[in-house]
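Below is one structure, written out as structure tokens, with a few remarks after it.
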Amino acid sequence: MTAVDGPHPTAGRIGAMPDATAVLPGYAHVYSGKVRDLYAPVDPATGQPRTDQLLLVASDRISAYDFVLDTVIPDKGEVLTRLSLWWFAQLEDLVANHVVTADVPDAVRGRAVLVERLDMLPVECVARAYLTGGGLGEYTATGAVSGIPLPAGLVDGDLLPEPIFTPSTKAPMGEHDEPIPYSAVEAQLGGALAARVRDLTVAILKRGNEIAAARGILLADTKVEFGLRGDEVVLADEVLTPDSSRFWPADQWEPGHAQPSFDKQYVRDWLTSPASGWSKSSGEAPPPLPDDVVVQTRAKYVEAYERLTGETF
Ligand code: Q0Z
């Protein structure tokens, strides 16, 4: 999967961040992922953080090769927030979602959503429609992905016979999610709930691809998170954004090698070019991006939003 929402390197470090209540009055900072921040609304009557809602704020930060870059992509947070809200609406007949309102403080308007706080299920729900990344690695080693046997002879980027559910752990601070077999999800959630999230995850990716294919975008895979509202499974977090899913340009799809990324290809090409002076394997933080790479990358996020939704950003 694309690197998303591992803990931010400064998360939890006292003094590493400005006091969030000063930045966003009425909200208490809860957590920061790589590119998003989580707040709890403060109840004015008690002065205490509410336990029934959260504010999800998408920043303009971008990650590449497991680093959060020093350079922001203007409007990225708003594009992804608006895209996720649009997808929630497209999926409403399949699954309920956690959105309360997008009417949020001016400081974060457009890039934040107030959501219902759910009991989150302790599993990363991944579906794959095309074979690549970690799924390709498992297939090459075993002929199967997440225990699902696949036809022989598949190559990087191939369309799978049908989308498959390939769950993973929610990795602790700083670690990568690990693939787990479906039986581990059944053990954690019970058979009925495991089957429900499996079927929903696959249905979300199928619906996503039905809509995206007509707009020139392939959704290779996606990671979704579910929570419980009583007994009801509710779609949480973000959905079908380029940070939670691999977006590929349909007109460049050519199985047999790694596919270009719809959104991050300019960033990757520059970082791995001699011009950056940086090496993936150096362990060093990547250098700041040049302005032209920022402008081209911003345009790709806007293009994805406009192609999918048919609306002007
Ligand atoms: C999501 C995350 C971050 C954004 C917790 N509806 C919900 N109820 C309870 N918990 C969550 C949600 Cl969405 C929840 N995350 C991931 C981290 C910014 C989202 F820093 N964590």
Are any side-chain N or O atoms of Glu306 and backbone N or O atoms of Phe313, one a donor and one an acceptor, separated by less than 3.5 Å? yes

Would you say Met120 ends up clustered with Val99 if hydrophobic residues are merged whenever their side chains have heavy atoms under 4.5 Å apart, either directly or through other cluster members? no

Do Val267 and Val72 land in one hydrophobic cluster if side-chain heavy atoms of ILVMFWY residues count as linked below 4.5 Å? no

Looking at OG of Ser276 and CZ of Arg268, how far apart are the two atoms once the value is rounded to the nearest 0.5 Å? 14.5 Å

Rounded at 0.5 Å granularity, tell me how far CG in Leu160 sits from OG1 in Thr166. 9.5 Å

Do Phe247 and Ser261 touch side chain to side chain, with heavy atoms closer than 4.5 Å? no

Go through the steps to decide whether Asp66 and Lys280 satisfy the test salt bridge (charged side-chain N to carboxylate O under 4.0 Å, His left out), and finish with yes or no. CA-CA 10 Å; Asp66 263 350; Lys280 255 193 287 187; over 6 Å; no

Of the non-hydrogen atoms in Glu138 and Pro179, which two are nearest, and what is the gap between them? OE2-CB, 3.4 Å

Assess the residue pair Asp52 and Arg117 against the criterion (salt bridge (charged side-chain N to carboxylate O under 4.0 Å, His left out)); give the C-alpha distance rounded to whole Å, side-chain angles, the decisive distance to 0.1 Å, and a yes or no. CA-CA 5 Å; Asp52 60 336; Arg117 190 169 197 152; over 6 Å; no

Minimal heavy-atom distance between Val145 and Gly135, with the atoms involved, is CG2-O, 3.3 Å

I need the Thr222 OG1 to Arg128 CZ distance, nearest 0.5 Å. 10.5 Å

Under 30°, 30 to 60°, or over 60°: which ring-plane class applies to Trp278 and Phe67, parallel, tilted or perpendicular? perpendicular

By salt bridge (Lys or Arg N to Asp or Glu O under 4.0 Å), Arg229 pairs with (sequence neighbours left out) Glu116, Glu232

Electrostatic pair Asp37-Arg61, nearest N-O below 4.0 angstrom: yes

Under a 4.0 Å N-O cut-off, is there an ion pair linking Asp237 with Arg36? yes

Audit row: Leu91, Arg207, side-chain contact (heavy atoms from CB on, under 4.5 Å) steps and yes/no: CA-CA 8 Å; Leu91 300 167; Arg207 174 70 61 80; 3.7 Å; yes

Determine whether Pro287 and Leu271 make a side-chain contact, defined as any pair of heavy atoms from C-beta on separated by less than 4.5 Å. yes

What's the shortest heavy-atom distance between Pro255 and Gly157, and which atoms? CG-O, 3.9 Å

Looking only at atom types and distance, does a side-chain atom of Asp158 sit under 3.5 Å from a main-chain N or O of Leu131, one as donor and one as acceptor? no

Minimum heavy-atom distance Pro49-Ala28, with the two atoms named: CG-CB, 4.2 Å

Using a 4.5 Å cut-off on heavy atoms from C-beta on, say whether the side chain of Leu83 contacts that of Leu308. yes

Would you please say whether a donor-acceptor pair under 3.5 Å links the side chains of Thr169 and Asp177? no

Check for a donor-acceptor pair, side chain of Ser282 on one end and backbone N or O of Ser279 on the other, with a separation under 3.5 Å. yes

Distance only, no hydrogens: is a donor on one side chain within 3.5 Å (strictly under) of an acceptor on the other, for Thr241 and Glu238? yes

Once rounded to the nearest 0.5 Å, what's the spacing between atom CG of Asn97 and atom CZ of Phe88? 5.0 Å

Residue Glu311 excluded, over 12 heavy atoms near CD under 6.0 Å: yes

Are any of the side-chain nitrogens in Arg82 or Glu78 under 4.0 Å away from the carboxylate oxygens of its partner? yes

Residue pair Leu114 / Pro41, side-chain heavy-atom distance below 4.5 Å: yes

What distance separates Ile217 CD1 from Leu240 CG, expressed to the nearest 0.5 Å? 11.0 Å

Please report, to 0.1 Å, the donor-acceptor pairs under 3.5 Å made by any side chain of residues 290-303, with sequence neighbours excluded.
unit_1: Thr297; atom_1: OG1; unit_2: Val293; atom_2: O; d: 2.7
unit_1: Arg298; atom_1: NE; unit_2: Asp75; atom_2: OD2; d: 2.9
unit_1: Arg298; atom_1: NH2; unit_2: Asp75; atom_2: OD2; d: 2.7
unit_1: Lys300; atom_1: NZ; unit_2: Glu303; atom_2: OE1; d: 3.1
unit_1: Tyr301; atom_1: OH; unit_2: Asp263; atom_2: OD2; d: 3.2
unit_1: Glu303; atom_1: OE2; unit_2: Arg307; atom_2: NH1; d: 2.4

Kindly indicate whether the side chain of Val115, heavy atoms from C-beta on, has any atom under 4.5 Å from the side chain of Gln53. no

Tell me, with the steps shown, if Val234 and Leu228 meet side-chain contact (heavy atoms from CB on, under 4.5 Å). CA-CA 6 Å; Val234 177; Leu228 293 180; over 6 Å; no

Pairwise distance OG1(Thr201) to CZ(Arg196) - rounded to 0.5 angstrom: 10.0 Å

Got Thr272 and Tyr65 here, is their nearest side-chain heavy-atom distance under 4.5 Å? yes

Is there a side-chain contact between Ser32 and Leu38, using heavy atoms and a 4.5 Å cut-off? no

Is the backbone N or O of Val239 less than 3.5 Å from a side-chain atom of Ser84, with the two atoms forming a donor-acceptor pair by type? yes

Minimum-distance pair of heavy atoms, taken over all atoms of Leu136 and Val155: CD1-C, 4.3 Å

Could you check whether any side-chain N or O of His98 sits under 3.5 Å from a backbone N or O of Val100, counting only pairs where one atom can act as donor and the other as acceptor? no

Applying side-chain contact (heavy atoms from CB on, under 4.5 Å) to Val104 and Leu55, what does each step give before you reach the verdict? CA-CA 8 Å; Val104 294; Leu55 186 74; 3.7 Å; yes

Whether Asp60 side chain and Gly77 backbone form a donor-acceptor pair below 3.5 Å: yes

Do Ile204 and Val185 share a hydrophobic cluster (ILVMFWY, side-chain heavy atoms under 4.5 Å, transitive)? yes

Is there a continuous path of hydrophobic side-chain contacts, each under 4.5 Å between heavy atoms, that joins Leu121 to Val95? yes

Applied to residues 111-146, the ring pair (Phe, Tyr, Trp, His ring centres under 6.0 Å) test, sequence neighbours excluded, yields Tyr130-Trp248, Tyr130-Trp253

Are any non-hydrogen side-chain atoms of Val202 and Ile164 less than 4.5 angstrom apart? no

If hydrophobic clusters are built from ILVMFWY residues whose side chains come within less than 4.5 Å, do Leu205 and Leu80 share one? yes

Could you tell me whether Arg109 and Asp103 have a side-chain N and a carboxylate O separated by less than 4.0 Å? yes

Could you walk me through whether Val233 and Leu193 pass the side-chain contact (heavy atoms from CB on, under 4.5 Å) test, one step at a time? CA-CA 8 Å; Val233 174; Leu193 191 51; 3.3 Å; yes

Charged N-O contact under 4.0 Å between Lys76 and Asp243: yes

Looking only at heavy atoms, which two atoms of Ala236 and Leu118 are closest? And how far apart? CB-CD1, 3.9 Å

So that I can tick it off, tell me whether Glu225 and Lys170 are bridged by a salt bridge, with the cut-off set at under 4.0 angstrom between side-chain N and carboxylate O. yes

Could you tell me whether a side-chain N or O of Ser63 sits under 3.5 Å from a main-chain N or O of Val68, the two making a donor and an acceptor? no

So, Ser146 side chain and Pro181 main chain: donor-acceptor pair closer than 3.5 Å or not? no

